[in-house]
Amino acid sequence: MTSDRGNQPLHCLVTGATGYIGGRLVPELLAAGHRVRCLARTPEKLRDYPWAGEVEVVRGDVTDADSLAPALRGIDVAYYLVHALTSGEGFEETDRRAATVFGEQARAAHVGRIVYLGGLTPSDVPEHELSPHLRSRAEVGRILLDSGVPTAALRAAVIIGSGSASFEMLRYLTERLPVMVTPSWVSTRIQPVAVRDVLRCLVGSARLPGEVSRTFDIGGPDIVTYRDMMQRYAEIAALPHRLILPVPMLTPRLSSHWIGLVTPVPRAIARPLAESLRYEVVCREHDIARYVPEGPGQPFGLDKALELALQRVREARVTTRWSSASIPGVPSDPLPTDPDWAGGSLYTDVRGREVEASAEALWRVVEGIGGDHGWYSFPLAWAVRGWLDRLVGGVGLRRGRRDTDRLRVGDSLDFWRVEEIEPGRLLRLRAEMRLPGLAWLEMHVEPDGRGRARYRQRALFHPRGLLGHAYWWSVWPFHSVVFGGMARNIARTAEGAASPERASAPVSP
């Protein structure tokens, strides 16, 4: 049991290490002196994390007992930080099966403790009446507690931290709408918690006494309404006071559409967040403080949590974001092997340019694409495509970037995701907009041996059915403007950076 190890380093398994909390927990565990093994369905997504060289990464899935058994071997503490919310319909059954398999395998491997992060639930609402999201999180905690392995099931309401879905939703709603007609849930009481306090409790739970197996409510010192949170964010961000008019007819479904239109959070994630906000979620106990030390000023108050999160956003120091997780309904297939791929049609659009700039200057432009820098061609066309994607429940263009200058595998980039990056040479993006097929965009940079560079750009589309073929040919006439303009303007931007006297020249599509 973990209680018998004293202050010796523990061997920890972290599931969900590519997610928002998991990606931040790993370096905290390392800083505490523990050994860390990460379980990932796609280990390549962890390759570019700053701490990747300090951990062991194993391939596996929490629903697959055969891959879990070796992953849990020799583990003292197993962190369960995954949920199937983004898998679409049927996520409750997937969550149930995954938690059952994980608990069984952890018991068989003699794991000393499971630590789970779930959601805070209201005290006066029967579990069967909760939203599917909260109901599933509660059920997972119960399954793990019944597994026979000592379990700490931490329950948090709204987590405030740079890049969290809850913070992004709050930030965009407040910044973009000085006057807003809102759902009635803006008047519901909630107890937000700073992400730093969540991480402190997760790390500290590793050393709970072996006989402790229970739920713990974790929250900050402030109990507020969502309306209070928006007004306090406005004050901290130096925005004018917001006029908020709650109306009763905005259901969670309508609220999710409203959130999806105003914020970068897509409807598929906005809806469970909106459903959860219908309930009063306030901590009923603070027993975690008996086991996990609190430093001066801890737990952080709401104002401090908002200040820290906003500071990180402004300084572009967001280490993980809500969009690190996959989005329901988006493709995840890797790029087909080519040129002789046997999977069917594969349409391509290939462009190339000789660039009067160094490969290093050209790569800086390529790696900086998207977000505030845009896509270097026909901005209106990209904007319209993003709006259309949002209307059909897609992610749209507003996810932006985690970092303004650097990308890593797994990063979301507007309505793309980084599938592969070879620094200085290759950036491959996989489309996550709603499409009748699968799409990729590749950008290659090569030095020409004479101090200049070659740029090669390739768009690929694997159509799905007749609609997919029709889609490709319907947009094909615009390729010269969109993709041709992109290649031309990326080259011009790199040349302008290399030649200051050309930097002020206007760039046209």
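Not measured: the values here are computed from a predicted model.
Figure legend: cation-pi geometry between R47 and Y49 absent, as NZ or CZ is not positioned both under 6.0 Å from the six-membered ring centre and within 45° of its axis.
Residue L427 holds its CG atom at 4.5 Å from CG of L429, rounded to the nearest 0.5 Å. Taking CZ of F415 as the start and CZ of R385 as the end, the distance is 6.0 Å to the nearest 0.5 Å. With rounding to the nearest 0.5 angstrom, the CZ atom of R41 is 11.5 Å from the CG atom of D64. Taken from CE in M230 to CG in L239, the straight-line distance is 12.5 Å, to the nearest 0.5 Å. Taken from CD in E419 to CG in L413, the straight-line distance is 13.5 Å, to the nearest 0.5 Å. Once rounded to the nearest 0.5 Å, the distance linking CZ of R242 with OG1 of T174 reads 7.5 Å.
Taking the side chain as every heavy atom from C-beta outward, R155 and F216 never approach each other to under 4.5 Å. P43 has its side chain within reach of V57: a pair of non-hydrogen atoms, C-beta onward, lies under 4.5 Å apart. Side-chain contact between F102 and V82 is absent, with no heavy atoms from C-beta onward closer than 4.5 Å. With contacts defined as side-chain heavy-atom distances shorter than 4.5 Å, the pair L117/Y80 does not qualify. In this structure the side chain of D303 reaches within 4.5 angstrom of the side chain of I236, judged on heavy atoms. In this structure the side chain of R189 reaches within 4.5 angstrom of the side chain of E280, judged on heavy atoms. Y20 is listed as a side-chain neighbour of V195, based on a closest heavy-atom distance under 4.5 Å. Within the 4.5 Å cutoff, the side chain of W416 has heavy atoms near those of the M433 side chain.
Between V292 and S205 the shortest heavy-atom distance is CG2-N, 4.1 Å. A pairwise comparison of heavy atoms in R227 and S187 identifies NH2-OG, 3.4 Å as the closest pair. Across every non-hydrogen atom of D124 and P126, the tightest pair is O-CD, 4.0 Å. Minimum heavy-atom separation, G103 to V149: O-CG2, 4.3 Å. A pairwise comparison of heavy atoms in L29 and C12 identifies CD1-CB, 4.2 Å as the closest pair. Pairing each heavy atom of V62 with each of L68, the nearest pair is O-CD1, 3.4 Å.
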Starting from the C-alpha separation in whole Å, work towards a yes-or-no answer on side-chain contact (heavy atoms from CB on, under 4.5 Å) for L308 and R196. CA-CA 10 Å; L308 291 170; R196 297 190 186 197; 3.7 Å; yes
Audit row: R232, D222, side-chain contact (heavy atoms from CB on, under 4.5 Å) steps and yes/no: CA-CA 12 Å; R232 287 167 77 165; D222 298 312; 3.7 Å; yes
Evaluate D61 against S67 for side chain to side chain donor-acceptor pair (under 3.5 Å), listing each step before the verdict. CA-CA 6 Å; D61 191 303; S67 65; over 6 Å; no
Trace of the salt bridge (charged side-chain N to carboxylate O under 4.0 Å, His left out) decision for R171 with E168: CA-CA 5 Å; R171 179 165 77 98; E168 292 287 279; 3.2 Å; yes
Test log, rule side-chain contact (heavy atoms from CB on, under 4.5 Å), inputs Y226 and L170: CA-CA 9 Å; Y226 204 85; L170 173 69; 3.6 Å; yes
Hey, mind stepping through E294 and H286 against side chain to side chain donor-acceptor pair (under 3.5 Å) and telling me if it holds? CA-CA 12 Å; E294 295 177 349; H286 188 54; 2.6 Å; yes
Under the side-chain contact (heavy atoms from CB on, under 4.5 Å) rule, what do L46 and W51 come out as? Steps first, then yes or no, please. CA-CA 9 Å; L46 294 173; W51 39 260; 3.7 Å; yes
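Classification of E127 and R142 as a salt-bridged pair holds, one side-chain N sitting under 4.0 Å from a carboxylate O. Taking a cutoff of 4.0 Å between a charged side-chain nitrogen and a carboxylate oxygen, E44 and R59 qualify as a salt bridge. Checked for salt-bridge contact, D403 and R406 miss the test: no charged N lies under 4.0 Å from a carboxylate O. Salt bridge E432/R430: present, at least one basic N to carboxylate O contact under 4.0 Å. In this structure, E420 does not pair ionically with R428, as no charged nitrogen and carboxylate oxygen lie closer than 4.0 Å.
Distance alone, capped at 3.5 Å, is enough to place a donor-acceptor pair between the E367 side chain and the L407 backbone. No side-chain donor-acceptor contact under 3.5 Å links Y291 to the backbone of P209. With hydrogens and angles disregarded, no donor-acceptor distance shorter than 3.5 Å links the side chain of Y279 to the backbone of L120. Using modelled atom types, one side-chain atom of E285 and one backbone atom of D287 make a donor-acceptor pair closer than 3.5 Å. Between the side chain of T225 and the main chain of D228, a donor-acceptor pair closer than 3.5 Å is present. Distance alone, capped at 3.5 Å, is enough to place a donor-acceptor pair between the Y116 side chain and the R137 backbone. Between the side chain of R214 and the backbone N or O of A152, no donor-acceptor pair lies under 3.5 Å. Under the 3.5 Å distance criterion, the side-chain polar atoms of R37 are matched with a main-chain donor or acceptor of A71. Proximity of a side-chain donor or acceptor of S147 to a complementary backbone N or O of L145 within less than 3.5 Å is not detected. When atom types are taken as modelled, the side chain of D217 and the backbone of R284 share a donor-acceptor pair closer than 3.5 angstrom.
The only option from I114, L13, L39 that meets the side chain to side chain contact (heavy atoms under 4.5 Å, CB included) definition with I75 turns out to be L13. Remark: of the listed residues K45, R417, R402, R401, R402 is the sole one forming a side chain to side chain donor-acceptor pair (under 3.5 Å) with D411. If you run side chain to side chain contact (heavy atoms under 4.5 Å, CB included) between T151 and each of L144, D146, I143, only L144 comes through.
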